[in-house]
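The block underneath contains the structure these notes are about, expressed in structure tokens.
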Amino acid sequence: MSPDRTRLHIAVQKSGRLSEQSLALLKSSGLRINQGGKHRLSARAENFPLDIMFVRDDDIPTFVAEGICELGIVGQNVLAEYALGLAKPRIEEIARLGYGRCSLKIAAPEKLAGFQIEMLAKQRIATSYPRLLQRFLDSQGIEAETVTMRGAVELAPRLGIASFVCDLVSTGATLEANGLAPVADVFDSEAVLVRTRQPLDGAHAEKIDALRTRIDGVIATAESKYIVLNAPESALAAITAILPGADAPTVVPLVGRPGHVAVQAVCQESVFWETLERLKGAGASAILVMPIEKMMM
Ligand code: PRT
Ligand code: ZN
């Protein structure tokens, strides 16, 4: 059955580290998703012309490059590794999503003291990301041998397959459990929303813009807070300078309290206790920090 071309299609990881947050993001963007059972290969948004295709993360760049799915959510690591194998770009990154953060690192056996990058020369390095690794080695002017493995890369030194590994790290626990220590950063990654560079008709492009606006709103909202506080007018400049990521606060007079105002602002960065203490120190009182449910700029 060929896909319904009146609807948009987004490729999302079926089951893995990005699956849950990717679906949660789409749901937070207001999509009502009829997901069905866990063996379903696709799902339909009931209130937006979007179908979701559940695939392996490694297949997402191909789906998007070919235009089978106009959109996809994938890690920058998978995207960049794929893109390095193409003669010209076929996929465009349109939004960073702030989850799935990890870093592709070269790691060495812990017992190797005083590591220097030159020590990689002529060595074998095991990785699932041969192109990203090669680009890094070229940038450092180092010639080494890359051994490509699909998984279990951390085992390579113990198995005698390679002396170093180059793998994704988030907490570092896996490296540590395998007696390895990170020695060089190759590539930092997070989940991104991507779109095909295949030509799309106007209606599709409009639907993508609408979805993207909603997703941008969800991402902005995740960190943003609405702050309300009272302050003496004389302290206004000092207080607005402290508010994190707020450009134009609303200032309204307080009835019955001449010389005092209420300040309201959207803060687009995290608001910490220290920020509140500094605001109080500058003369603010009755400070409220509230979550924002939806935002469209
Ligand atoms: O089945 P499918 O092919 O779809 O999934 P997969 O097994 O290939 O991928 P999956 O679900 O493991 O990861 C999907 C994406 O999540 C990756 O492409 C990255 O963009 C992102 N991501 C974030 C990670 C990690 N963090 C991560 N820690 N991907 C893999 N890992 C692995 C890493 O390879 C190593 O084995 O976790 C281990 C290290 O974790 P720490 O916490 O011990 O450092
Ligand atoms: Zn995979």
Would you please test Q76 and F187 for side chain to side chain contact (heavy atoms under 4.5 Å, CB included) and show each step? CA-CA 9 Å; Q76 287 170 313; F187 187 80; 3.9 Å; yes
Return yes when atom [atom1] of [X] has more than 12 non-hydrogen atoms of other residues, nucleotides or ligands closer than 6.0 Å, and no otherwise.
X	atom1	answer
Q123	CD	yes
E118	CD	yes
E293	CD	no
R278	CZ	no
E143	CD	no

Can you find a pair of side-chain heavy atoms, one from [X] and one from [Y], that are under 4.5 Å apart?
X	Y	answer
T275	P244	yes
L8	P49	no
R214	L31	yes
H260	N230	no
L120	Q140	no
P130	T146	yes
H204	D201	yes
R197	P89	yes

In this structure, would [X] and [Y] fall into the same cluster of hydrophobic residues linked by side-chain contacts under 4.5 Å?
X	Y	answer
V165	L168	no
L71	L26	yes
I219	L79	no
V192	Y129	yes
V289	F272	no

[X] to [Y] - nearest heavy-atom pair and separation:
X	Y	answer
G283	P232	O-CD, 3.3 Å
V261	P253	CG1-CA, 4.3 Å
P61	V78	CG-CG1, 3.8 Å
T127	C166	OG1-O, 2.7 Å
N47	R32	OD1-N, 2.9 Å
A11	V55	CB-CG2, 4.2 Å

I need the [X] [atom1] to [Y] [atom2] distance, nearest 0.5 Å.
X	Y	atom1	atom2	value
L84	Q134	CG	CD	10.5 Å
K294	T221	NZ	OG1	9.0 Å
M149	L155	CE	CG	6.5 Å

Run the side chain to side chain contact (heavy atoms under 4.5 Å, CB included) test on Q198 and R90 for me, step by step, so that the C-alpha distance in whole Å, both residues' side-chain angles and the decisive distance to 0.1 Å come before the verdict. CA-CA 7 Å; Q198 302 270 1; R90 302 181 65 189; 3.7 Å; yes
Carefully, step by step, assess I91 and Y82 under the rule side chain to side chain contact (heavy atoms under 4.5 Å, CB included). CA-CA 10 Å; I91 302 175; Y82 175 84; 3.9 Å; yes
Any donor-acceptor pair under 3.5 Å linking the side chain of R212 with the backbone of I94? yes
Just by modelled atom types, is the L175 backbone N or O under 3.5 Å from a matching donor or acceptor in the E154 side chain? no
Between V271 and L276, does a side chain to side chain contact (heavy atoms under 4.5 Å, CB included) hold up when you go through it step by step? CA-CA 8 Å; V271 179; L276 301 193; 3.9 Å; yes
Going by atom types alone, do N77 and E81 pair a side-chain donor with an acceptor below 3.5 Å?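 No, because no side-chain N or O of N77 sits under 3.5 Å from a partner of the opposite role on E81.
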Any pair counted as salt bridge (Lys or Arg N to Asp or Glu O under 4.0 Å), so long as it reaches residues 169-188, sequence neighbours left out: K105-D185
